[in-house]
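Below you'll find the structure, written out as structure tokens, and then a few comments.
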There are 2 protein chains.
Amino acid sequence: MQSITIKDVAREAGVSTATVSRVLNRNGYVSHEVRQQVLAVVKRLNYQPNALARSLKQERTRTVGMVLPDMTNPYFMAVARTIQRRLLAHGYRLFYMDCDEDAEREREAIRVLQEMRTEAVILAGTGGNADAVARMIEAGRTVVLIDRTIDGIRADAVTDDNAGAADEAAAYLLGKYGPRFGIITGPRSTSTSRERAAGVKRALERAGCPSDPALWYEGDYTRRAGMEAGHYFLGMNEPPLAVFSFNNEMTYGFYLAMKQRGLPLDALEVVSFGELDAAPLFENRLSVIRQHPDQIGEAAADIVVSRLEGGAEGEPVQRVIMPALETASR
Amino acid sequence: MQSITIKDVAREAGVSTATVSRVLNRNGYVSHEVRQQVLAVVKRLNYQPNALARSLKQERTRTVGMVLPDMTNPYFMAVARTIQRRLLAHGYRLFYMDCDEDAEREREAIRVLQEMRTEAVILAGTGGNADAVARMIEAGRTVVLIDRTIDGIRADAVTDDNAGAADEAAAYLLGKYGPRFGIITGPRSTSTSRERAAGVKRALERAGCPSDPALWYEGDYTRRAGMEAGHYFLGMNEPPLAVFSFNNEMTYGFYLAMKQRGLPLDALEVVSFGELDAAPLFENRLSVIRQHPDQIGEAAADIVVSRLEGGAEGEPVQRVIMPALETASR
DNA sequence: CTGTTAGCGCCTTCAC
DNA sequence: GTGAAGGCGCTAACAG
């Protein structure tokens, strides 16, 4: 496990470590002859520069960290993949950390990324670590919030127009079925769920409909919660005529509940905030609010790069992506 | 961005850096009084130790790297999540890198992980970087292959019994439909696809059936390939009576093709190597070979830990997980 | 064009 | 029980 250092290369090539460094980093002058010589030794010894040492010296790591609440959710992975591609093109590596919607593990992940000296942190927060995030920003680190904002935190953010899209979806359901549709929310700790709920309430108020608490089920963005919500709604004396689920996983859970209760999947209409992988296979009674993860990823990556390359300072940037409601065909 | 160092803490607390270090690492003696004093300053200054410097000095990073071919595939993410949990419990961090089934990016990812001095690399290889992997092993690094092995590489590995499961599935289809079922393979460069193909051929031979090349479609484990295979098979004069898809994404793609062609999803039976998220929602004509990602993840993490903690040496360990065929109800 | 040197932040002997 | 000092591998002045 004894690894080869720049010294070994220098000795073997009969030059100084500085020269090797210059060859490797293509800066400073070095004769063609010596360069070839050094490169040959590098290859022969299979020398791998030590990124720890380099970063320590340069006080730059060219890395970006990302903390996600759920890496098995394809939505977040689609965002992450776009970000990674874009950052890579600018010479930055991206490290993902999964915190499993758990604030404690999120805190830990943030700590690790700071200790690693990632130059920026991209965060889809659980909402439980406002203090840690605040301290990061205070310390002058670049923080970009995606998908979810955090109460009391002023930072760059890329979010959906949650209220607008939820309002539109609720209005659509109202027009089609009246006010008897169920709502499966996310956890109150997330900004997305609160905003989506506000959007629904706005639509109900505009239509002069009171909001029936029995039609609201508070989930936590997991498949299990969607399933439980499904059993709740479908077990009612008068089940709702449609359901609005606040994320893709819960939508999937809701369908599982329908299945478990022996209902056909088109028994009622479902509106899902966020796409389902399997959506195209469903029979026409699933409406989807598309979130455009690519656009979110691109915007987030662009903000990171401009903060890191361009001057660091400036007011927080807020980018809002417009989701698109695609309604079921019947 | 000027970060706080151990020196700042030492000065502020009126002690030496050695003492601060001792407090932080709970080793060596330090009086209760001084310890409290130091901890207070650490908290007040929000001091974050520099992991680069610590790792450089200790020649240990307590990190493990993982290179995956497709992070949007829930199968790999399920494996990754289990590994992460288990490694975390042993004090290791896991870094994911996504190479998008691309050998070039895989090579790059391997290089980065080595430069970061991750203590082990877990790899679900594209098959295109045998040389780089060989050099890693040669250099004494811990490498654990998961899901896929690499030709000519002797390393710890956790794999499925691909041939066995494919044989069983093919025998099942043979018994039910005779030899007229289509096969959608993965890329020849992956060991999994080659082994699964061998399993199918074994079953065919045992039944005395010749293998009809027109019934084999070579995909690349992507959704798109599954879709193209779908159009190929469904466009035949005499379409097959069933289809065996070598991974979950291609299965999904195949169903998309059925949908696009206006066929009902139960028009023919599909056997999928690897689970589909949406499987439970399908109407009874999807059979699934469950791969038990949790077991794979656990085994891989255990191997890593035992290599890193226990003595490093020993013959390569081969763990084979048995997938389970769950057949459609009709 | 190339070598010498100092030091990035931390841990770890070795003194006291 | 605590401090002083050296060095992990590398790069960036500064000499020559």
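Below, chains carry the letters A, B, ... as their sequence lines are ordered, and counting in each starts from 1.
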Salt-bridged, A/D100 to B/R85, with N to O below 4.0 Å?
yes

Between D/dT11 and A/N27, is there an OP1 or OP2 to side-chain N/O distance shorter than 4.0 Å?
no

Think A/N25 has a side-chain N or O under 4.0 angstrom from the OP1 or OP2 of D/dT11?
yes

When you measure from the side chain of B/A18, which nucleotide among C/dG3, D/dG9, D/dG3 comes out closest?
D/dG3

Of all the nucleotides listed (D/dG9, D/dC10, D/dG3), which has the minimum atom distance to the side chain of B/T19?
D/dG3

Of all the choices, C/dC11, D/dG9, C/dG9, which nucleotide is nearest to the side chain of A/A53 once you look at every atom?
D/dG9

I want to verify a distance call: between D/dT11, C/dT12, D/dG9, whose nearest atom is closest to the B/K57 side chain?
C/dT12

Counting side-chain heavy atoms from C-beta on, which of C/dG9, D/dA12, D/dC10 comes nearest to A/Q58?
D/dA12

Taking the nucleotide of DNA chain C with the closest heavy atom to each, which residue, B/T17 or A/S16, is nearer the 5' end?
A/S16

Return the nearest nucleotide to the side chain of B/E59; candidates are D/dG9, C/dC10, C/dG3.
D/dG9

Check every atom of C/dC10, D/dC10, C/dC8 against the side chain of A/N50 and return the nucleotide holding the closest atom.
D/dC10

Among C/dT2, C/dG9, D/dC10, which is the nearest nucleotide to the side chain of A/S31?
C/dT2

Nearest to the side chain of B/R22 - C/dC10, D/dG3, D/dG9?
D/dG3

